[in-house]
Amino acid sequence: MIPAPLIPLAGGGSIPQLGVGTYKVPAALTADLVADALRFGYRHVDTASLYGNEAEVGEGLRRSGVPREEVFVTTKVWNDDQGYDRTLRAFDASMRRLGIETVDLYLIHWPVPSADRYADTWRALVRLAEEGRARSIGVSNFTPAHIQRLIEETGVSPAVNQVELHPRFPQHGLQDWHTAHGIVTEAWAPLARGGLLDEPVLARIGAAHGKTPAQVVIRWHLDRGLVLFPKSTSIARLRENADVFDFTLDDADRAAIARLETGVRTGRDPDLD
């Protein structure tokens, strides 16, 4: 197994810090990619109903030969399926596509405040957790205000918030808020959708450690205690992404990376939906 640290989750269980992302991985490639990644040693796979590849993720899980209980699987309810009853139906559909009975983490993909259904959606996730069908529940792209409403209305806090986060958009304040509330921070677009791969500062740091810019950024995330799952359609690249546990960044490296911050997202603002 890849020596990715396990981070404890509120309510029990733990999540591998480094995983395999499947956003925009074509369905025709997904099963082989997931199976190969699990055989190589990954134990964390992230998908969503929006991605259109849940069935193929499930096929990859079975094809890998790795016991189901050894793999941490995340999926998400999409915006069109929000609301209490529709979320429960969407969950059932995701489980059928994945071919599993229990998911390790189920997330609300976006808050979509204009629709004002995320609190009812959260109540459905709480029920799924109480029934043991979702071992942990959380959110994605939520702000502290959105999360505070969930806590106030249900008394249940998300175990995870999955948000855009990378050196150009490091979200230090949000991560600090999560930590204060016992919420694990997951980073999507950890490489800024590939926009950091040609960054000279990262190339220089990588050269000093015998690593690539991508490996430097992955190490930066790991050192911050973040969960991440860089997306790739190449098992060779996934092997490279996992080769990050034999070096550390020093204070000068971290200071140089900090200067890359622009505060600019690559995706949309969750408050504007």
Same cluster (ILVMFWY, side-chain, under 4.5 Å), [X] and [Y]:
X      : Y      : value
Val71  : Phe40  : no
Tyr106 : Val156 : yes
Val45  : Leu6   : no
Leu165 : Leu249 : yes
Leu222 : Ile257 : yes

Where is the tightest heavy-atom contact between [X] and [Y], given as atom of each residue plus distance?
X      : Y      : value
Arg117 : Arg86  : NH1-NH1, 3.9 Å
Ser140 : Gln162 : OG-O, 2.9 Å
Arg168 : Glu199 : NH2-OE1, 3.4 Å
Val217 : Pro190 : CG1-O, 3.3 Å
Pro213 : Leu202 : CB-CB, 3.8 Å
Ser232 : Arg237 : OG-CB, 3.2 Å

Tell me whether [X] is salt-bridged to [Y], with the criterion being a basic N under 4.0 Å from an acidic carboxylate O.
X      : Y      : value
Glu59  : Arg62  : yes
Arg89  : Asp92  : no
Lys211 : Asp243 : yes

* Do Trp220 and Asp253 get their side chains close enough for a donor-acceptor pair, meaning under 3.5 Å? -> no

Say you draw a straight line from [atom1] of [X] to [atom2] of [Y]; how long is it, rounded to the nearest 0.5 Å?
X      : Y      : atom1 : atom2 : answer
Asn53  : Glu56  : CG    : CD    : 6.5 Å
Thr121 : Gln82  : OG1   : CD    : 3.5 Å
Leu38  : Met1   : CG    : CE    : 10.0 Å
Ile183 : Asn161 : CD1   : CG    : 6.5 Å
Leu88  : Arg133 : CG    : CZ    : 8.5 Å
Ser157 : Glu152 : OG    : CD    : 11.5 Å

* List for me each residue that meets side chain to side chain contact (heavy atoms under 4.5 Å, CB included) alongside Asp269, sequence neighbours excluded, and say none if there are none. => Arg265, Asp271, Leu272

* List for me each residue that meets side chain to side chain contact (heavy atoms under 4.5 Å, CB included) alongside Ala129, sequence neighbours excluded, and say none if there are none. => Ile137

For a 4.5 angstrom cut-off between non-hydrogen side-chain atoms, does [X] reach [Y]?
X      : Y      : value
Asp120 : Asp85  : no
Pro167 : Arg259 : no
Trp177 : Ile147 : yes
Val103 : Met95  : yes
Phe169 : Thr266 : no
Arg123 : Glu153 : yes

* Structure fact -> By salt bridge (Lys or Arg N to Asp or Glu O under 4.0 Å), Asp198 pairs with (sequence neighbours left out) none

* To do: Write out all pairs satisfying side-chain hydrogen bond (donor to acceptor under 3.5 Å, both in side chains) with one or both partners inside residues 65-74, taking only residues at least two apart or from two chains.
  => Arg68-Asp104

* Asked: In this structure, which one of Leu98, Val20, Ile100 forms a side-chain contact (heavy atoms from CB on, under 4.5 Å) with Val57?
  -> Leu98

Show every ring pair (Phe, Tyr, Trp, His ring centres under 6.0 Å) that has at least one partner inside [range], sequence neighbours left out.
range            : answer
residues 236-273 : His209-Phe247
residues 252-273 : none
residues 113-164 : Tyr118-Phe142, Tyr118-His146, Phe142-His146

* Going by the salt bridge (Lys or Arg N to Asp or Glu O under 4.0 Å) test, which pairs reach into residues 215-234, not counting sequence neighbours? -> Arg219-Asp223

* To do: Under the ring-ring contact (aromatic ring centres under 6.0 Å, His included) rule, collect the residues that match up with His172, sequence neighbours excluded.
  => none

* To do: Could you go through the side chain to side chain contact (heavy atoms under 4.5 Å, CB included) check for Leu260 and His166 one step at a time?
  => CA-CA 10 Å; Leu260 297 176; His166 45 77; over 6 Å; no

Check: [X] side chain, [Y] main-chain N or O, donor-acceptor pair, under 3.5 Å:
X      : Y      : value
Asn79  : Val112 : no
Lys76  : Thr47  : yes
Gln17  : Leu228 : no
Tyr42  : Leu238 : yes
His178 : Thr185 : no
Asn141 : Pro111 : no
Ser64  : Asp36  : no
Ser49  : Val77  : no

* What orientation do Tyr51 and Tyr23 show, parallel under 30°, tilted 30 to 60°, or perpendicular over 60°? -> tilted

* Asked: Counting heavy atoms not belonging to Glu131, are there more than 12 under 6.0 Å from its CD?
  -> yes

If you look only at distance, which donor and acceptor atoms sit under 3.5 Å apart when one is on a side chain in residues 26-34 and the other is two or more places apart or in another chain?
residue : atom : partner : partner atom : Å
Thr30   : OG1  : Val25   : O            : 3.4
Thr30   : OG1  : Pro26   : O            : 2.8
Asp32   : OD1  : Arg63   : NH1          : 2.3

* Tell me, please, which residues at least two apart from Glu54 pass side chain to side chain donor-acceptor pair (under 3.5 Å). => Thr75, Ser94, Arg97

* Structure fact -> Apart from Phe72 itself, its cluster of hydrophobic side chains linked below 4.5 Å comprises Ile7, Leu9, Ile15, Leu105, Leu107, Val160, Val184, Val227, Phe229

